Amino acid sequence: MKELPKAYLPTDYEKKIYQIWESSGYFNPDNLKSDGEPFSISLPPPNATGILHLGHAVMLAIQDLLIRFNRMLGKKTLWLPGTDHAAIATQNVVEKNLWEQEKKTRFDLGREKFINRVNDFVESSRNIIRNQMRGMGVSCDWSRERYTLDDGLSQTVKQVFVKMYHDGLIYRGTRIVNWCYRCGTTLADDEVEYKESLGKLYYINYGPVTVATTRPETKIGDTALAVNPKDVRYKKLIGQELEVVLGKVKVKVKVIADKIIDPNFGTGVVGVTPAHSLVDFELAQKYHLPLKEIIGPDGKMTTEAGAYVGLPVKEARQKLLADLGNKVEKIEDYKHNLSICYRCGTPVEPLPSKQWFVAVDKPFKIGLFKKTTLKKLAIEAVKSGQIKIIPERFVKVYFNWMENLHDWCISRQIWFGHRIPVWYRHKPEQSESDQEIYIGVKEPKGNDWQQDPDTLDTWFSSSLWTFSTLGWPKQTNDLKTFHPTSVIETGYDILFFWVARMILMTRYATKQIPFKTIYLHGMVRDKKGRKMSKSLSNGINPIEIIQKYGADTLRLSMIIGTTPGNDFRLYDEKIAGFRNFVNKLWNISRFILLTTKEITTIDKPHTKTLADKWVLSRLENITLEVTNHLNKFKFSQAAEKLYDFTWHELADWYLEIAKIEGDKNQILTFILQTILKLWHPFTPFITETIWQEAFKDKGLLMIQPWPKLSGYKNETAEKDLTEIQKIIALIRNFRAENKIAKDKILECHIQLTNTKIINEQKLILEGLRTNIKLTTTIKNKLGEIKDKDLSITLGLK
RNA sequence: GGACGCUUAGCUCAGCUGGUUAGAGCGUCUGCUUUACACGCAGAAGGUCAUAGGUUCGAGUCCUAUAGCGUCCACCA
């Protein structure tokens, strides 16, 4: 009846279909008729730094699958999209562009002008991202789109900050922080990465002892030497003060003893540099040692470094080593982990600095009587089972991280981001510590207040994402309906950065959990199993795949054969395989529409033949299995089952039988409708395209009710048809193995306990590429196949 | 140093609470213009499920070691 093109060309349909969806308004739950239970997902907001990569594509494919499935189940379904301002990352990109294009730094522009630049960049970035997301077919509610820096969210950020400050959970203090002098800012502990690198271990003669160090230049900042109390070699030195000349500077060090010192490493004597090592800082606090800051925030030596002032760290090291001369007794190769900035790769310098922190271990009152800590809140949410993590093994990882969490440094010395809502009133007669301080959501009155120049860690605002986007602190309808959200779906790589912090902050601010289920997908890797990276230039642009193969194909290749939490490889041949399947689905539809004289939309088709009973029984089973798998977040298994049924039962058997038996309008139409619905969450474009070709009068496929078959289960029919399939396979096999010409008709006698089905299924047995003629007597016997209670005799005419 | 994952057909991977001859896709081989599809159809070959023990009537599946690969966390100068 309908004729579709031979091959499915996604680019001919996808844009148009997306427009139909978007203009229908059904992405917005307010327009769904249902008063069903709510289902909601907050989209992990992509960074506003530019284009989407395959990692985003995986996330979008899985989330859209969940969203479409639940929408079809009749739930009030919301998928809230947005973008993250990604403070350091975005600022870095704009600074880089500014330098490359105009040879200017952000300081040349000044704060306000620079921020305008960043905002312009973000706006164009967000547009690109929106269109790329549309290309993937995402059915998110664009009318509720948010941005971590928009007015509403900024308001939430301030409110939470102020509330935490008053609860004593945010404080300002001087600590050793991770400092990236390239980015000019502090970094949180988990923003520091470790790179194994080959360094040197220098043995420096101090006179009475020799000290081994990987960083000679920091020894200028030493205020102590530490040994193990049990180390007999140095026992008599403990408590003494030594004065040592290191190159061109004099250093005073006190010898202390602590059991953390490993007597077997180096010489057993460690130089203690309290200002530039977290461990040494802690030692210094324990033994009341002074702090000597010799490296400044610009990565250069300070005046404290005497003759070496102004030198970058590396140069200072060279110069000092030269000055030390033969006092360097020995140099060994040494493999160690270098800490580097996760954004720019510059070595991180531990420095003492005055910063804002979130106190994760400090008890505070929740409700009237109960006392707890942020850490306990976050741990309890998972321990109690309120939040479920898929795969489960990440529960342990989560606890381990949470239990070892230190206070979170949230202030950043960059310009792009949420300005810290703190103002200082500086009076000349006051010392710094006596400054008047104002913390509030609104700017204080009077013009002698100066706002803290720092901005907040980008994860501070994203940790509020699930509820800030729904209108909190106002008790909006959206908040009441959709929070806690149903699922958070993201890569396991940001479990700590984001997911853990969301739990912590959301439980604090709203007393709710942010989501009920955490689904963590794996990372996309290249054909050789390597991570995709710029330096290897092995990355695949999802947009290119969509242009070449279509979004449905891309989605399938990231769903099938993947398991949560495990990385998977993606490459051209694999994708092409799923393109073939999508085309198969197209041609199944094409065949059904072509042979169906009249499209009827019967809900309960009648079955006439064994094959009819079989196929509907199978369809009912598959529908149930797919539904169950999807409910359990087993996306790959759901799709595999459906794939196998669609290709190897429906196409390979039933459609071939339909060609022989004929007259199957009702059943074929019914099956087509059902599989289009079942496939829709996986491959939305092609299924909607076909639906619009064939069943337009029923409305959009995306809001059709999820199939629920009943009454077709028929175990006898399944068993009998399986028997027929087996017989046919044996005959085909016999012909192939004996190289019997295709057009040669063989006589065939089948003996089976169940003689009835042989007689009844004669048409199929003879017609399904067996090329046999059923008889009861074989004249010229060619061969015999025996299998349990089955015997097939074949012969020539 | 701690935690975890992987090791199953040539390649990439499934295999849920242990149960009959271990699955898929790709690749390979042999035939096919069969009126939906060569992005196809029919058929075939190919696995001591890393190794060694153990639990069990029964283990790819559970337990204990070992090896290789990988990831995360911590980080010692």
Side-chain angles (χ1 to χ4, degrees), chain A residues 3-8 189-190 192 194 201-202 211-215 218-219 222 225-226 260-262 264-273 277-280 283 334 336-337 339 391 393-394 396-397 399-401 403-404 492-493 495-496 522-523 525 527-529 531 549 553 557 560-563 565-574 576-595 628-629 632 634 636-637 639-641 643-644 647-648 651-652 655-656 658-659 728-729 731-737 739-743 767-771:
Chain A
E3 176 130 22
L4 300 172
K6 236 177 157 179
Y8 174 62
D189 291 345
D190 46 7
V192 176
Y194 296 91
L201 190 62
Y202 302 90
V211 174
T213 179
T214 53
R215 298 196 56 187
T218 63
K219 297 303 101 189
D222 282 7
L225 293 179
I260 70 158
I261 307 303
D262 176 3
N264 299 317
F265 186 90
T267 58
V269 186
V270 182
V272 181
T273 324
S277 152
L278 189 64
V279 181
D280 290 5
L283 269 181
Y334 183 65
H336 69 135
N337 280 331
S339 13
R393 65 186 141 94
F394 281 95
K396 215 171 162 182
V397 182
F399 286 143
N400 180 263
W401 186 83
E403 275 153 14
N404 293 311
Y492 63 77
D493 56 331
L495 176 64
F496 307 137
M523 304 294 116
R525 292 173 173 270
K527 197 180 177 182
K528 292 177 184 165
K531 260 190 173 167
Y549 294 111
T553 295
S557 49
I560 297 185
T562 66
T563 39
N566 287 337
D567 295 353
F568 62 96
R569 304 178 190 205
L570 194 69
Y571 43 89
D572 218 59
E573 298 93 306
K574 197 183 210 173
F578 291 110
R579 184 266 324 266
N580 296 353
F581 174 76
V582 170
N583 193 242
K584 188 75 184 180
L585 186 56
W586 179 257
N587 273 290
I588 288 169
S589 312
R590 187 163 171 255
F591 172 78
I592 293 177
L593 296 178
L594 215 58
T595 52
N628 287 343
H629 282 314
K632 288 182 195 156
K634 297 188 172 180
S636 177
Q637 271 146 295
E640 276 174 78
K641 287 277 176 197
Y643 179 105
D644 194 55
W647 197 321
H648 301 303
D652 289 352
L655 295 191
E656 294 304 319
K659 286 178 188 170
I728 289 171
I731 296 169
R732 286 171 177 173
N733 181 338
F734 180 88
R735 296 190 66 111
E737 297 225 311
K739 298 208 188 317
I740 295 166
K742 202 189 125 234
D743 49 358
L768 274 186
R769 275 156 222 180
T770 48
N771 214 14

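What's counted below: heavy atoms across the whole structure, side chains too, no hydrogens, waters or symmetry copies. These numbers come from a predicted model, not from an experiment. By convention in this document, chain letters (A, B, ...) are assigned in the order of the sequence lines, proteins followed by strands, and residues within each chain are numbered from 1.
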Check the interface with nucleotides 15-17 of chain B: list each N/O to N/O pair with the protein under 3.5 Å, or write none.
none

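- Glu656(A) meets the side-chain hydrogen bond (donor to acceptor under 3.5 Å, both in side chains) test with Lys659(A), Arg769(A); sequence neighbours excluded.
- With sequence neighbours left out, His629(A) forms a ring-ring contact (aromatic ring centres under 6.0 Å, His included) with no residue at all.
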Counting primed atoms, P, OP1 and OP2 as sugar-phosphate and everything else as base, the B/S/- map of nucleotides 23-39 of chain B against protein heavy atoms under 4.0 Å is --S----S-S-B-BB-B

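- Shown here are the side chain to side chain contact (heavy atoms under 4.5 Å, CB included) partners of Thr267(A), two or more places apart in sequence or in another chain: Tyr203(A), Thr210(A), Tyr234(A), Val269(A).
- By the side-chain hydrogen bond (donor to acceptor under 3.5 Å, both in side chains) test, Glu737(A) pairs with no residue at all, sequence neighbours left out.
- Between the CG atom in Leu768(A) and the CD1 atom in Ile731(A) there is a gap of 10.5 Å [rounded to 0.5 Å].
- For the P atom pair drawn from C26(B) and G43(B), the interatomic distance equals 15 Å after rounding to whole Å.
- Atom C1' of U71(B) sits at a distance of 26 Å from the matching atom of G25(B), rounded to the whole Å.
- Partners of Phe581(A) by ring-ring contact (aromatic ring centres under 6.0 Å, His included), not counting sequence neighbours, listed by chain and number: Tyr643(A), Trp679(A).
- Rounded to whole Å, the separation between the C1' atoms of G10(B) and G54(B) comes to 34 Å.
- In this structure, the CG atom of Asp567(A) is 13 Å from the C1' atom of C13(B), given to the nearest Å.
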Pairs counted as Watson-Crick or G-U wobble with both distances under 3.5 Å: what dot-bracket string results for RNA chain B, using | for bases tied to another strand?
(((((((..((((.....[...)))).(((((.......))))).....(((((..]....))))))))))))....

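- Comparing Ile261(A) and Ile728(A) by the nucleotide of RNA chain B whose heavy atom lies nearest to each, the residue mapping closer to the 5' end is Ile728(A).
- Distance check on atom P: A24(B) versus A45(B) gives 12 Å, rounded to whole Å.
- A gap of 14 Å separates the P atoms of G5(B) and A14(B), to the nearest Å.
- Rounding to the nearest 0.5 Å places CG of Asn771(A) at 10.5 Å from CD1 of Ile740(A).
- Comparing the same atom, P, in U30(B) and in A50(B) gives a spacing of 33 Å after rounding to whole Å.
- Residues passing the side-chain hydrogen bond (donor to acceptor under 3.5 Å, both in side chains) test with Asp572(A) are Lys548(A), Tyr549(A), sequence neighbours excluded.
- How far CE of Met523(A) is from CG of Leu570(A): 14.0 Å, rounded to the nearest 0.5 Å.
- The distance between atom CZ of Arg569(A) and atom P of G70(B), rounded to the nearest whole Å, is 12 Å.
- Residues satisfying the ring-ring contact (aromatic ring centres under 6.0 Å, His included) test with Tyr334(A), not counting sequence neighbours, are Phe265(A), His336(A).
- To the nearest 0.5 Å, the span separating CG on Leu585(A) from OH on Tyr8(A) amounts to 9.5 Å.
- Using a 4.0 Å heavy-atom cutoff across all strands shown, Gly561(A) reaches sugar-phosphate atoms only and no base atom.
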side-chain contact (heavy atoms from CB on, under 4.5 Å) between Asp222(A) and Val211(A), worked out:
CA-CA 12 Å; Asp222(A) 282 7; Val211(A) 174; 5.6 Å; no

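- Taking atom P in both G23(B) and C16(B), one finds a spacing of 14 Å when rounded to whole Å.
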Which atom pairs link the protein and nucleotides 72-76 of chain B when you take only N or O atoms and keep those under 3.5 Å?
| unit_1 | atom_1 | unit_2 | atom_2 | d |
| --- | --- | --- | --- | --- |
| C75(B) | N3 | Asn337(A) | ND2 | 2.8 |
| C75(B) | N4 | Asn337(A) | ND2 | 3.3 |

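- With rounding to the nearest 0.5 Å, the separation of CG in Asn580(A) from CH2 in Trp647(A) is 5.5 Å.
- Spacing between C11(B) and U28(B) at atom P, rounded to whole Å, works out to 15 Å.
- Within the structure, every side-chain polar atom (N or O) of Lys396(A) is placed at least 4.0 Å from both OP1 and OP2 of A3(B).
- Annotation: side-chain hydrogen bond (donor to acceptor under 3.5 Å, both in side chains) contacts of Arg525(A) (sequence neighbours excluded): Asp567(A).
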